[in-house]
S.K.: 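First, the structure itself, so that you have it in front of you.
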Amino acid sequence: MTLRVVLDTNIVLSALLFTNGRLSWIREAWLSGEIRPVVCKQTVSELLRTLAYPKFKLSGDEQEEMLADFLPYSETLVLDQIPANLPMCRDEDDQIFVVLASVCGADMLISGDKDLLALRSELSFQLLSADEFKDRLA
């Protein structure tokens, strides 16, 4: 069974940028179909913006290559309504991940962000760190 998951931007970046890194297994999980990341316009926009950061020194072609290793394996959802009853993240930029996971009925949200992880007990879906998610898949 393929798990539908929302991955925060830092998780996706780590999986894409560091092909032999600590989170490379997440990339392998979406490539193999074990997981299906769910994205929306806002989360893809953030990923695009982040891949263009000068510190990553990625050319336009390299950025496109990375997107080609992620987006075709993702499910895109259009967010036309945002539920009003969701807990608010301390970092409003991270709220979109809570909204997306809630609206799409994701099996879980995967994040290493302290502001998101602080919401764990208030959510109706699972919010796991990458290490917890790895243990769950094992």
Side-chain angles (χ1 to χ4, degrees):
M1 179 181 102
T2 300
L3 293 172
R4 291 173 71 238
V5 299
V6 172
L7 304 170
D8 80 12
T9 303
N10 288 327
I11 298 286
V12 175
L13 277 175
S14 292
L16 287 171
L17 289 171
F18 308 108
T19 54
N20 294 314
R22 190 177 74 80
L23 299 182
S24 61
W25 62 270
I26 290 179
R27 182 174 175 269
E28 294 305 317
W30 77 59
L31 290 173
S32 70
E34 188 174 6
I35 66 171
R36 181 134 181 107
V38 181
V39 298
C40 65
K41 178 183 173 185
Q42 295 91 327
T43 60
V44 171
S45 292
E46 180 174 326
L47 179 60
L48 288 168
R49 188 172 33 83
T50 308
L51 283 170
Y53 285 173
K55 70 179 178 180
F56 295 129
K57 299 178 179 151
L58 296 172
S59 69
D61 287 345
E62 289 170 322
Q63 292 172 42
E64 284 182 30
E65 218 173 277
M66 291 199 175
L67 291 172
D69 279 348
F70 178 64
L71 293 179
Y73 302 92
S74 301
E75 173 185 335
T76 303
L77 185 78
V78 175
L79 290 178
D80 47 10
Q81 291 187 348
I82 296 178
N85 58 344
L86 292 174
M88 291 302 294
C89 187
R90 293 183 297 223
D91 181 347
E92 66 183 43
D93 289 340
D94 291 331
Q95 187 67 24
I96 190 63
F97 298 103
V98 173
V99 169
L100 180 58
S102 176
V103 169
C104 80
D107 293 305
M108 54 198 73
L109 167 58
I110 313 303
S111 177
D113 188 286
K114 289 181 280 186
D115 290 324
L116 280 170
L117 292 169
L119 295 176
R120 259 191 239 244
S121 63
E122 301 174 54
L123 298 171
S124 60
F125 52 85
Q126 291 185 17
L127 173 54
L128 303 175
S129 69
D131 291 337
E132 292 167 330
F133 183 47
K134 187 175 189 176
D135 290 344
R136 184 73 49 94
L137 289 178

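Computed over heavy atoms, backbone and side chain alike; hydrogens, waters and symmetry mates excluded.
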S.K.: Could you state the interatomic distance from CG (D115) to CD (E92), rounded to the nearest 0.5 Å?
M.R.: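 The CG atom of D115 sits 11.5 Å away from the CD atom of E92.
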S.K.: When F97 is tested against each of D113, T9, L127 for side chain to side chain contact (heavy atoms under 4.5 Å, CB included), which residue passes?
M.R.: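 Only match with F97 under side chain to side chain contact (heavy atoms under 4.5 Å, CB included): T9.
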S.K.: Hey, is the main chain of C40 close enough, under 3.5 Å, to the side chain of T43 for a donor-acceptor pair?
M.R.: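 Indeed, once roles are kept as given, a pair shorter than 3.5 Å links the two residues.
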S.K.: What distance separates R27 CZ from L16 CG, expressed to the nearest 0.5 Å?
M.R.: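 The CG atom of L16 is 7.0 Å from CZ of R27, to the nearest 0.5 Å.
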S.K.: Return yes when atom CG of N20 has more than 12 non-hydrogen atoms of other residues, nucleotides or ligands closer than 6.0 Å, and no otherwise.
M.R.: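 It does not: N20 CG has 12 such atoms or fewer within range.
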S.K.: Between the side chain of S24 and the main-chain N/O of G21, is any donor-acceptor distance below 3.5 Å?
M.R.: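 Yes, the answer is positive, given that a donor and an acceptor are paired below the 3.5 Å cut-off.
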S.K.: Just by distance, do the side chain of Q95 and the backbone of P87 share a donor-acceptor pair under 3.5 Å?
M.R.: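 Flag set: sc Q95 to bb P87 pair under 3.5 Å.
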S.K.: Working to the nearest 0.5 Å, report the span between CG of L109 and CG of L7.
M.R.: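 Reported value, rounded in 0.5 Å steps: 8.5 Å.
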S.K.: Mind checking whether V12 and P37 have side chains closer than 4.5 Å, heavy atoms only?
M.R.: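 Not touching, per the 4.5 Å side-chain cut-off.
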S.K.: Would you compute the distance between atom CD of E28 and atom CD of E34 and round it to the nearest 0.5 angstrom?
M.R.: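 One finds 10.5 Å between CD of E28 and CD of E34.
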S.K.: Work out which heavy atom in G112 is nearest to a heavy atom in D8; give both atom names and the distance.
M.R.: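 The answer is N-OD2, 3.6 Å.
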S.K.: Below 4.5 Å, heavy atoms only, C-beta onward: do V99 and L86 meet side chain to side chain?
M.R.: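 Result yes, sub-4.5 Å side-chain heavy-atom pair found.
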S.K.: So, do Q126 and E132 sit near enough that their side-chain heavy atoms are less than 4.5 Å apart?
M.R.: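 No; the side chains remain at least 4.5 Å from each other.
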S.K.: Please confirm whether the backbone N or O of L119 pairs with a side-chain atom of E122, one donor and one acceptor, at under 3.5 Å?
M.R.: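 No, E122 side chain to L119 backbone: no donor-acceptor pair under 3.5 Å.
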S.K.: Going by an N to O cut-off under 4.0 Å, is there a salt bridge joining D91 and K114?
M.R.: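 Salt bridge between D91 and K114, a charged N being under 4.0 Å from a carboxylate O: no.
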S.K.: For residues L47 and L100: do they belong to one hydrophobic cluster (side chain heavy atoms under 4.5 Å, members Ile, Leu, Val, Met, Phe, Trp, Tyr)?
M.R.: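 L47 and L100: separate clusters.
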S.K.: Look up atom CD1 in I110 and atom CG in L117, then write down how far apart they are to the nearest 0.5 Å.
M.R.: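 Result: 9.5 Å between the selected atoms.
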S.K.: Heavy-atom distance under 4.5 Å between the side chains of D135 and L128, does that happen here?
M.R.: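 Contact flag for D135/L128 side chains = no.
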S.K.: Compile the donor-acceptor pairs under 3.5 Å between side chains in residues 71-79 and protein atoms, sequence neighbours left out, one pair per line.
M.R.:
unit_1: S74; atom_1: OG; unit_2: F70; atom_2: O; d: 3.0
unit_1: E75; atom_1: OE1; unit_2: R4; atom_2: NE; d: 2.9
unit_1: E75; atom_1: OE2; unit_2: R4; atom_2: NH2; d: 2.9

S.K.: So, do V103 and Q81 sit near enough that their side-chain heavy atoms are less than 4.5 Å apart?
M.R.: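 Contact flag for V103/Q81 side chains = no.
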S.K.: Could you walk me through whether F133 and V5 satisfy the side chain to side chain contact (heavy atoms under 4.5 Å, CB included) test, starting with their C-alpha distance in whole Å, then the side-chain angles of each, then the deciding distance to 0.1 Å, before giving a yes or no?
M.R.: CA-CA 10 Å; F133 183 47; V5 299; 4.0 Å; yes
S.K.: Heavy-atom distance under 4.5 Å between the side chains of L13 and Y53, does that happen here?
M.R.: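 Result no, sub-4.5 Å side-chain heavy-atom pair not found.
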S.K.: Stepwise, does the side chain to side chain contact (heavy atoms under 4.5 Å, CB included) test hold for N10 with S111?
M.R.: CA-CA 8 Å; N10 288 327; S111 177; over 6 Å; no
S.K.: Can you tell me how far the CG atom of L58 sits from the CE atom of M66, to the nearest 0.5 Å?
M.R.: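 Reported to 0.5 Å precision, the distance equals 5.0 Å.
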S.K.: When clusters are formed by joining ILVMFWY residues with side-chain heavy atoms under 4.5 Å apart, either directly or through shared neighbours, do L67 and V38 land in the same one?
M.R.: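 Cluster IDs for L67 and V38 differ.
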S.K.: Do L137 and F125 sit in one hydrophobic cluster, given that two such residues count as connected whenever their side-chain heavy atoms are within less than 4.5 Å of each other, even indirectly?
M.R.: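 No, because L137 and F125 fall into different hydrophobic clusters, even though each may have its own neighbours under 4.5 Å.
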S.K.: Run D107 and I35 through side chain to side chain contact (heavy atoms under 4.5 Å, CB included) and show every step you take.
M.R.: CA-CA 10 Å; D107 293 305; I35 66 171; over 6 Å; no
S.K.: Decide whether V44 and V6 are clustered together by the hydrophobic rule: side chain heavy atoms of Ile, Leu, Val, Met, Phe, Trp, Tyr closer than 4.5 Å, transitively.
M.R.: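 No; V6 is not reachable from V44 via cluster members.
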